[in-house]
Amino acid sequence: MSKPIRNRLMLGILITAVLFGLSGCLSQKTGSDEGDEYNGGLVWNNWTKSIAGGTDELPPGVINKDFLRCKACHGWDAKGANGGYVRRSGFPEKDTRPKPTKGTDLSHLLGRIATADVEHVNGRSWTTENNKMPNLTQTGGLTYKQIDDVTAFLNKGPKIGDIATIDISQKPVKYTFKNADPASGKDLYAKSCQLCHGADGNQMEVKLIDYFRNDGKYSEGFHKIIYGADEQMTRAVAGNLNAKQAAGILSWIQIQADDTTKKGFSQ
Ligand code: HEC
Ligand code: HEC
């Protein structure tokens with residue numbers, strides 16, 4: 001290779017590298033939706049927790065954490081007032097947690113939500129505790145990574161709406177799982193859940209059969225199986241399941257929970 005050609009080649013590589021680096025910096029500053037949707041599911045639950053990348057402290061002046069949690073207004077399923085949280089008690093009946101209102105159903109937006117929609121810079125201040133969307137960029141708010149991750153959760157993270165239709169006119173909310181395979185769900189339960197929850201689902205403080213009989217709980221259960229419930233029950237220890245596998249387990253649980261004579265699962 002002659003010298004001038006080699007030099008031009010080197011220059012080209014250098015320019016490409018600089019542009020590449022620059023675009024990386026810019027996307028870090030403005031946020032992108034290329035985050036980690038699984039961490040985003042933990043942010044959705046409670047972004048102030050260290051397990052979700054938070055500091056374990058509430059922002060200055062905040063008294064009730066539920067006015068900060070995405071799921072408290074938008075529901076576990078992001079269907080807000082049209083999902084599992086349709087009968088969620090709260091403001092104005094209770095002043096410690098918000099009540100999902102019109103506008104909290106995000107299902108028509110999933111797949112095209114921008115980080116700016118999440119940041120909501122024109123939103124309310126932390127200390128005005130009401131049903132309105134807070135400005136999440138205030139002091140003590142989300143990190144850029146958390147904003148990226150929760151945007152990715154909204155756009156591509158599994159939701160129960162992917163695998164079930166939800167009828168909120170029934171009480172408890174009626175979930176119909178699409179193409180679910182309860183027989184494989186039974187095997188998966190034995191493999192991924194039984195060690196901690198027991199064959200009957202009653203080994204721990206939370207009794208799974210009673211849990212799922214409560215209003216709207218398949219939305220919460222699905223979220224916690226896929227994304228994790230807390231430091232003990234993480235996504236990894238629950239088997240890194242996908243939506244179809246979770247649907248199998250939930251449909252197997254449902255057959256038994258709907259039988260009101262049962263006090264636990266039978267294998
Ligand atoms: C106290 C209730 C509340 C909390 C907490 C809350 N939101 Fe919202 N959010 C709303 C309401 C109400 C709307 C619709 C009206 C509006 O745009 O303000 C909304 C709208 C949105 C939208 C759509 C914005 C648009 O431009 O269309 C997104 C995305 C969103 N929220 C994401 C989140 C995320 C992510 C979190 C948690 C980090 C969160 N929200 C926390 C109440 C809340
Ligand atoms: C390593 C032990 C472990 C495994 C494995 C495990 N869990 Fe859990 N699970 C827990 C613990 C601990 C809790 C209590 C956490 C809490 O309530 O915050 C819990 C809570 C739950 C809850 C209630 C969450 C809530 O709202 O509080 C459900 C539902 C659940 N598990 C279902 C499952 C299913 C289904 C599987 C299998 C796919 C599974 N778990 C696997 C330990 C485990």
Side-chain angles (χ1 to χ4, degrees), residues 26-59 62 64-85 88 97-98 100-101 103-126 131-162 219-231 233-236 238 240 242-243 246:
L26 284 177
S27 72
Q28 220 173 16
K29 276 226 170 88
T30 54
S32 74
D33 67 344
E34 271 150 32
D36 173 350
E37 65 266 38
Y38 295 108
N39 187 57
L42 298 173
V43 173
W44 186 256
N45 178 343
N46 190 344
W47 53 268
T48 66
K49 292 275 190 191
S50 53
I51 190 180
T55 57
D56 282 328
E57 267 175 50
L58 298 182
V62 175
N64 298 297
K65 67 177 186 313
D66 276 332
F67 287 94
L68 304 174
R69 299 171 74 183
C70 317
K71 71 93 191 172
C73 292
H74 296 289
W76 294 102
D77 45 29
K79 287 173 176 286
N82 299 326
Y85 266 6
R88 175 67 183 267
R97 39 164 71 165
T101 52
T104 50
D105 184 348
L106 302 178
S107 43
H108 60 293
L109 298 171
L110 304 181
R112 49 195 176 85
I113 290 173
T115 48
D117 301 332
V118 169
E119 289 171 354
H120 231 75
V121 294
N122 296 321
R124 66 166 165 87
S125 75
W126 296 137
N131 289 343
K132 298 224 165 68
M133 173 84 180
N135 167 5
L136 299 178
T137 67
Q138 295 168 79
T139 306
L142 279 71
T143 64
Y144 287 126
K145 177 170 165 31
Q146 287 181 310
I147 288 172
D148 280 354
D149 290 350
V150 80
T151 306
F153 160 75
L154 284 169
N155 286 332
K156 57 184 184 188
K159 318 267 178 329
I160 197 165
D162 306 341
S219 292
E220 178 166 1
F222 176 84
H223 188 94
K224 292 187 170 170
I225 291 170
I226 296 282
Y227 300 98
D230 62 4
E231 284 81 357
M233 182 180 146
T234 60
R235 164 170 172 74
N240 286 313
N242 63 32

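Just so it is clear, the values below take in all heavy atoms, side chains as well, and ignore hydrogens, waters and symmetry mates.
Of all heavy-atom pairs between P100 and G80, the closest is CB-C, 4.0 Å. Between C73 and P98, the closest heavy-atom pair is SG-CG, 3.5 Å. Across all their heavy atoms, V150 and V118 have their closest contact at CG1-CG1, 3.7 Å. The heavy-atom pair separating W47 from C70 by the smallest distance is CD1-SG, 4.5 Å. A pairwise comparison of heavy atoms in F153 and G40 identifies CB-C, 3.6 Å as the closest pair.
Going from atom NE2 of H74 over to atom CG of N82 covers 12.5 Å, rounded to the nearest 0.5 Å. Here the straight-line distance linking atom NZ of K224 with atom CD1 of I226 works out to 14.0 Å at 0.5 Å rounding. Here the straight-line distance linking atom CG of L154 with atom CD of E37 works out to 11.5 Å at 0.5 Å rounding. Of the inter-residue distances, the one linking N45 atom CG with H223 atom NE2 reads 5.5 Å to the nearest 0.5 angstrom. Atom CG in D149 sits 12.0 Å away from atom OG1 in T115 (nearest 0.5 Å). Summarising the geometry, atom OG1 belonging to T104 is positioned 8.5 Å from atom CG belonging to N131; distances are rounded to the nearest 0.5 Å.
Using a 4.5 Å heavy-atom threshold, the side chains of R69 and R97 count as separate. When side chains are defined from C-beta on, K159 counts as touching L110, because their heavy atoms get closer than 4.5 Å. Within the 4.5 Å cutoff, side-chain heavy atoms of I147 are placed close to those of E119.
At distances below 3.5 Å, at least one donor-acceptor pair connects side-chain atoms of Q138 with backbone N or O atoms of R124. Judged by distance alone, the side chain of Q146 and the main-chain N or O of A52 form a donor-acceptor pair under 3.5 Å. No donor-acceptor pair under 3.5 Å is formed between the side chain of K145 and the backbone N or O of G35. Using a distance-only test at 3.5 Å, with no hydrogens or angles considered, a donor-acceptor pair links the side chain of N155 to the main chain of I113. In this structure, D105 contributes its side chain and S107 its backbone to a donor-acceptor pair below 3.5 Å. Not one N or O on the side chain of D77 forms a donor-acceptor pair closer than 3.5 Å with the backbone of G161. R88 places no side-chain N or O within 3.5 Å of a backbone atom of G84 that could act as its donor or acceptor partner. Judged purely by atom type and a 3.5 angstrom limit, W76 has no side-chain atom pairing as donor or acceptor with the backbone of W44. Within the 3.5 Å criterion, the main-chain N or O of P158 finds a donor-acceptor partner in the side chain of Y227. The backbone N or O of V121 sits less than 3.5 Å from a side-chain atom of N135, completing a donor-acceptor pair.
Cation-pi contact between K132 and F67: absent, since separation from the ring centre below 6.0 Å together with deviation from the ring axis within 45° is not met.
Legend: residues meeting salt bridge (Lys or Arg N to Asp or Glu O under 4.0 Å) with D117, ordered by chain and number and at least two apart, are absent. The salt bridge (Lys or Arg N to Asp or Glu O under 4.0 Å) test applied to R235 returns no partner, not counting sequence neighbours.
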- Task: Verify side-chain contact (heavy atoms from CB on, under 4.5 Å) between K65 and T48, making sure each step is shown before the conclusion.
- Result: CA-CA 9 Å; K65 67 177 186 313; T48 66; 5.6 Å; no

- Item | Stepwise side-chain contact (heavy atoms from CB on, under 4.5 Å) test for L136 and W126 | CA-CA 9 Å; L136 299 178; W126 296 137; 4.1 Å; yes

